[in-house]
Every structure is written in C-alpha cells, then in structure tokens.
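All values derive from a computational prediction rather than experimental measurement. The first residue in the sequence is number 1, and the count goes up from there.
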Amino acid sequence: MKIAFIEPSPVESNVYSKLHMPLLGPLYLGAILKQRGHQVSIFNENIYRPDYSKLDADLIGISILTSTSKRGYEIAKKFPKEKVIIGGVHASLLPEESLQYARQVVIGEAEEVIADIVEGRMKDPIVRGREVKNLDSLPQPDFSLVKGYKIPAMIMPVSTSRGCPFDCSFCSVTKLFGRNYRFRSAQSVMQELLTRRTGTLFFCDDNFTAHPKRTEELLKLMMENKINNWTCQARCDVAKNDKLLNMMVRAGCTTVCVGFESVNNKTLEAYHKKQTIEDIIKAIKSFHRKKIKIHGMFILGADQDSAKTVWETLKFAIKQKIDTIQMSILTPFPGTKICEELEREKRIFSRDWSLYDGQHIVFKPKLLSARELQLNVVRAYAKFYSLSNSLALLLGLRLRNAFFRFMGNRIVKKWVAHNRKMQWILQG
Ligand code: B12
Ligand code: SF4
C-alpha cells in the first residue's frame, strides 16, 4: 500500500517553526511499514507542504499535538474519512474528538498495532496502542522517508528512552508514555548514532538521565566512539551527580535543556515538580562549572504567580547567566492535572487548540488578568532577547549565546506583532 504520514505545522507559527525537527513517531511507524513492503512517505509541513489534491496515497496517517490538531483536522477533511487514521499526543488524549475526522484513531504508542491497522486485521475505530517493552526491538527511525529533509541536518533527534517516573501537573508525557521508564541498550543507541550525519544530536528523551547507570553505560560507548556535540533534556537532579556530569562532558554534551519551570517555590510545589529554587541555583552552577550551556525552560501563570513573578524570572535568568531561555505561558493540555483543575473551576476560556502552544493564554489566571499575564510574559521575553543584550554578548565574544539571542530577538518580534493582532483573546 501507499501510505503518507503527515505532521501538520501549527496554525500559529511558534518559536520552533523554523527548527526543522520532525517528531519521531511517524519515522518509527514508517520504518516498520517500509520493512513490511509498503511504500511510505512522510510530509512534515514545516519542511515541505505537498499539494494534497495530487497526493497519491491509499492511506493517510496524521500525527497531531494539541497545537497542530486544528491544522491536522483541516488536512484530514481533504480526504475521504475511510482513508484517514490519526495518532499522536493529542489524539491519544482526546480520541473521540479525532475520530470525527478519521476512520481510526490510535491511543498511545502505535508500533505494535500499526501493521494490523494498515493491513486491515484491526478494525476498531479507537485502537489502544501498546507500551513497547523492549525498545531495542524497534527499527531505527528512517529519516530518508521525510520529503525535503536535508541530510546532514543541522539538528537530529534521537530517542533512547520512553516514559518518565515523575508526574508534573502540566505535562502530557506520562499520559502518552506512562511513568514506567524504559530504555534502549547502549549498543542499540550507539548503532543508531553512528549512522546519523548531523551538526548536533538532540536526545529528545524527556528525561535523559532518569536512570544514571544506564546513562553512564551509554556515555562510555559514546566516549569510545568519539561522539560529540549533543544536547539532551534533563532535570536539575543530574547536576548533583558529579560523576555523571563529568562523563556527559567527556562524551560531548554541549547543552542541557532543563525544566526549571519557576523561580517561585510555591509554584514548583503546585506543579509537583519535586525541585526547589535552591536545587535550580545549584544545578546552574554545576552545569556552568563544567562549561555545559543551559537552555532554561520556565512556565508562567500558576495560581501562585503574579506579574512580579514574571519579572523575577527574567531577573533570575539574567543574574544566573542562563544561556538561553524559553518562557512559556501555562497551557492546560487536555488530560493533565492542571487542565482538570481549571476545567472544574470553569476558568478555561478558549478551546481553540491552535492557541495551545505555550505562547497564548487560554485560561483566567488567579492573581492577574489573562491580558496582564500575556503582555508581561511577551515583554519580559522580548527583554531577554533584546538587541542590546545580544550585542553585549557579542562584544564580550560569547558568540554562541549572542547568535541564539539574535535569533530569539527575531522570533520574539514576530510573537509581539502577532500578539497585537490577537487582542480579542485577552479580554478573558
Ligand atoms: C522533540 C520534541 C519537540 C521538538 C520537535 C517537535 C515537533 N516536530 O513538533 C521541538 C523542540 C521543536 C518541540 C516543540 C514543541 N513542543 Co514538543 N516535544 C518533543 C518531545 C520531547 C519528543 C517528540 C518525539 O519524537 N517523541 C517520540 C515519538 C516516538 O513519540 P510520538 O511522536 O508521540 O509518536 C508515538 C505516538 O504518539 C503514536 N503516533 C504518533 N503519530 C502518529 C500517527 C499515526 C497515524 C498513528 C496511528 C500513531 C501515531 O505512535 C508513535 C510511536 O509510538 C515530546 C515529548 C515526547 N516524549 O514525545 C514533546 C511534546 C510533544 N512537545 C510538546 C509541546 C507542548 C511543544 C511546544 C508547544 C513547545 C513547548 N511549549 O514546549 C512546541 C510545539 C511544536 C509544534 N510542532 O508546534 C508537548 C505536547 C503536548 C500536547 N498535548 O500537545 C510534549 C508531549 C511534551 C510535554 N512535556 O508535554 N517539541
Ligand atoms: S515535566 Fe519532565 S519531569 Fe515532569 S513529568 Fe514531564 S517529562 Fe517528567
């Protein structure tokens, strides 16, 4: 069969639109179906948008996040419903909604059911996927299937584990992959790394260091094979483990993306983040001592946050010399604890999924108005990425940081302009 997977671009462009990094789901599913003799292509709309009226496929598989679901449904409507299947985080959280646009929807991990669905042995409208217990049994994601994807790519995602033992109240990850942390063997990951041709590897595991022993094994192999220049997502906890941190440096880690989330201890508690502001400061010091750059991620808008918290976050990021930051507005993704709470209190005022991207306020915050939250976050963000700040870094010859700040400046400008156009939503 001819199968086309589609990863829709978000309707609202976001800070990541220019980062051409496909989700790995369609690449794993595509590799499995290709091995079974099907003809597979993957269209990532950020990279290449086909003319759908001419798309020659027997089956269309659409992969949706909440922010891309609106566009995903628009695409689905271009095809007869019996040709469309939908999966991904958002479809897993709201399968009944997605089913209005598809003949079948898959909840959760789809590798162990996709062939049965495509080949007609599984016909239920809503199929529950299965947690892949042995991740080494999966084929490598096949990037050659992505139309228009340039290899060597600037940055390439690699997944070495699934699930996260934590359960933060704003996060969708455990809803999709569960809290059971599963990981590939170091050898299997190494085999994949040796085939990747890229400037930077991005370990897109939600928590690369959740099981330090297994991470150590992988790092040892990476050192032996002289892998370098990679980024991972980790929690502050890792910085307490000096041995692991040293190994990460020797194995080529240049940047860590860390969910700091807040500079307000009460907010961290409400998020169930299981970390304190003291942990965050210590972690920043340890990473910087080892010359690892930090991309710090913050989420603003919890019931404990005021306008002051937004500016304290900015001050903190500057004072602690965090290299780059992401300031997101708290987003009640369906299925999360935060969403349940806000729904119960009838505080969500927009269910336009295209606004569920961390850049738009869709609920009434407690200590300030929706408008104030949105404007303060945009302004603080713009300040961090201001041209004068970027120039200062450039003059101090911190070239990498200056480059990313200039890039951030362009992105924030777009966000500010877009914000002016959408004043209507800020009435809430
Ligand atoms: C890499 C990554 C990114 C990259 C690339 C993302 C991209 N191309 O969209 C970057 C950094 C750019 C990014 C950006 C964002 N991300 Co992101 N990202 C991830 C991350 C860490 C890994 C994605 C991945 O490859 N997973 C591994 C593969 C195997 O999983 P999968 O793609 O979901 O596929 C499986 C199933 O879903 C299913 N499936 C998937 N597609 C299909 C299709 C069909 C037809 C079928 C049957 C099944 C199926 O089967 C697959 C195999 O089991 C996830 C977390 C996670 N663990 O998934 C967050 C995650 C997807 N991101 C998230 C968010 C919120 C964002 C942002 C809005 C920014 C932000 N504030 O963080 C932006 C929006 C991006 C956009 N497209 O608009 C949320 C999504 C929540 C939601 N409800 O939508 C997640 C889940 C993280 C979280 N903490 O909650 N992200
Ligand atoms: S935010 Fe990070 S630590 Fe918390 S549940 Fe999600 S992936 Fe795990």
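In summary, the side chains of H90 and E97 do present a donor paired with an acceptor at a separation below 3.5 Å, with no hydrogens or angles considered. Looking only at atom types and distance, the side chain of T324 has a donor-acceptor partner in the side chain of H295 under 3.5 Å away. Side-chain atoms of T267 and N264 include a donor-acceptor pair closer than 3.5 Å. Side-chain contact, Y149 with S144: no donor N or O sits under 3.5 Å from an acceptor N or O.
At least one side-chain heavy atom of K70 sits under 4.5 Å from a side-chain heavy atom of D352. Within the 4.5 Å cutoff, the side chain of I85 has heavy atoms near those of the I114 side chain. Contact annotation: the side chain of T209 approaches that of M248 to within less than 4.5 Å [non-hydrogen atoms, C-beta and beyond]. Using a 4.5 Å cut-off on side-chain heavy atoms (C-beta onward), I348 and C339 make contact. P10 is listed as a side-chain neighbour of N46, based on a closest heavy-atom distance under 4.5 Å. In this structure, K147 and P50 have side chains that are not in contact, with every pair of non-hydrogen atoms separated by 4.5 Å or more. In this structure, the side chains of V173 and N207 stay at 4.5 Å or more apart for every pair of heavy atoms. Annotation: side chain of L314 is not in contact with side chain of R379 (no heavy-atom distance under 4.5 Å).
A pairwise comparison of heavy atoms in N225 and M190 identifies CB-CE, 3.4 Å as the closest pair. When all heavy atoms are compared, the tightest approach of I64 to P8 is CG2-CG, 4.1 Å. Contact detail for I126 and P95: the closest heavy-atom pair is CD1-CB, 3.9 Å. Closest of all the heavy-atom pairs between E45 and S9 is OE1-N, 3.1 Å. For the residue pair F363 and G301, the shortest heavy atom distance occurs at CZ-O, 3.4 Å. I277 and L268 get closest at one heavy-atom pair: N-CD1, 3.8 Å.
For the atom pair OG (S63) and CG (N44), the distance works out to 9.5 Å, reported to the nearest 0.5 Å. Atoms CD and CD1, from Q320 and I325 in turn, are 12.5 Å apart once rounded to the nearest 0.5 Å. Between atom OG1 of residue T231 and atom CD1 of residue I292 there is a gap of 10.5 Å, rounded to the nearest 0.5 Å. How far CD1 of I6 is from CG of L55: 6.0 Å, rounded to the nearest 0.5 Å. Between atom CE of residue M222 and atom CG of residue L194 there is a gap of 10.5 Å, rounded to the nearest 0.5 Å. Atom NZ of residue K77 and atom CD of residue E74 lie 7.0 Å apart, to the nearest 0.5 angstrom.
Between the side chain of H272 and the backbone N or O of S169, no donor-acceptor pair lies under 3.5 Å. With hydrogens and angles disregarded, no donor-acceptor distance shorter than 3.5 Å links the side chain of T198 to the backbone of L201. Distance alone, capped at 3.5 Å, places no donor-acceptor pair between the N229 side chain and the T200 backbone. One N or O on the side chain of T313 and one on the backbone of T309 form a donor-acceptor pair closer than 3.5 Å. Here the side chain of Q374 pairs a donor or acceptor atom with the backbone of I361 at under 3.5 angstrom. In terms of modelled atom types and a separation under 3.5 Å, the side chain of E7 and the main chain of P22 share no donor-acceptor contact. S69 places no side-chain N or O within 3.5 Å of a backbone atom of G72 that could act as its donor or acceptor partner. A side-chain donor-acceptor contact under 3.5 Å links D136 to the backbone of S185. For the pair S286 (side chain) and D242 (backbone), a donor-acceptor distance under 3.5 Å is absent. At distances below 3.5 Å, at least one donor-acceptor pair connects side-chain atoms of D279 with backbone N or O atoms of T276.
Aromatic ring orientation, Y181 versus F183: tilted (interplanar angle from 30° to 60°). F298 and F260 have tilted rings, their planes meeting at an angle from 30° to 60° on a 0 to 90° scale. The aromatic rings of F170 and Y271 lie perpendicular to each other, with more than 60° between the two planes, well past the 30° mark.
Stacking of R235 on the aromatic ring of F287 is not recorded, the 6.0 Å distance cut-off and the 45° axial limit not both being met.
Under a cut-off of 6.0 angstrom, the local environment of NZ in K220 is sparse, with at most 12 non-hydrogen atoms contributed by other residues, nucleotides or ligands. The neighbour count for Q304 CD, taken as heavy atoms of other residues, nucleotides or ligands under 6.0 Å away, is above 12.
Ion pairing between a basic and an acidic side chain is recognised when a charged N comes within 4.0 Å of a carboxylate O; R71 and D357 show no such pairing. Ion pairing between a basic and an acidic side chain is recognised when a charged N comes within 4.0 Å of a carboxylate O; D167 and K337 show such pairing. Using a 4.0 Å cut-off between charged nitrogen and carboxylate oxygen, E109 and R182 count as a salt-bridge pair. Between K243 and E216 there is a salt bridge, since a side-chain N of the basic residue sits under 4.0 Å from a carboxylate O of the acidic one.
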- Message: Under the criterion side chain to side chain contact (heavy atoms under 4.5 Å, CB included), I'd like the reasoning laid out for V84 against Y101: C-alpha separation, chi angles, the key distance, then a yes or no.
- Response: CA-CA 8 Å; V84 179; Y101 307 90; 5.9 Å; no
- Please lay out, stage by stage, how R214 and D205 fare under the test salt bridge (charged side-chain N to carboxylate O under 4.0 Å, His left out). CA-CA 13 Å; R214 82 97 201 184; D205 312 41; 3.8 Å; yes
- Working for side chain to side chain contact (heavy atoms under 4.5 Å, CB included), residues L33 and F5: CA-CA 11 Å; L33 293 172; F5 282 98; 3.9 Å; yes
- Task: Give the C-alpha distance, both sets of side-chain angles, the deciding distance and a yes or no for side chain to side chain contact (heavy atoms under 4.5 Å, CB included) between M327 and N376.
- Result: CA-CA 11 Å; M327 275 189 173; N376 277 291; over 6 Å; no
- Task: Go through the steps to decide whether E217 and V189 satisfy the test side chain to side chain contact (heavy atoms under 4.5 Å, CB included), and finish with yes or no.
- Result: CA-CA 11 Å; E217 256 179 60; V189 177; over 6 Å; no
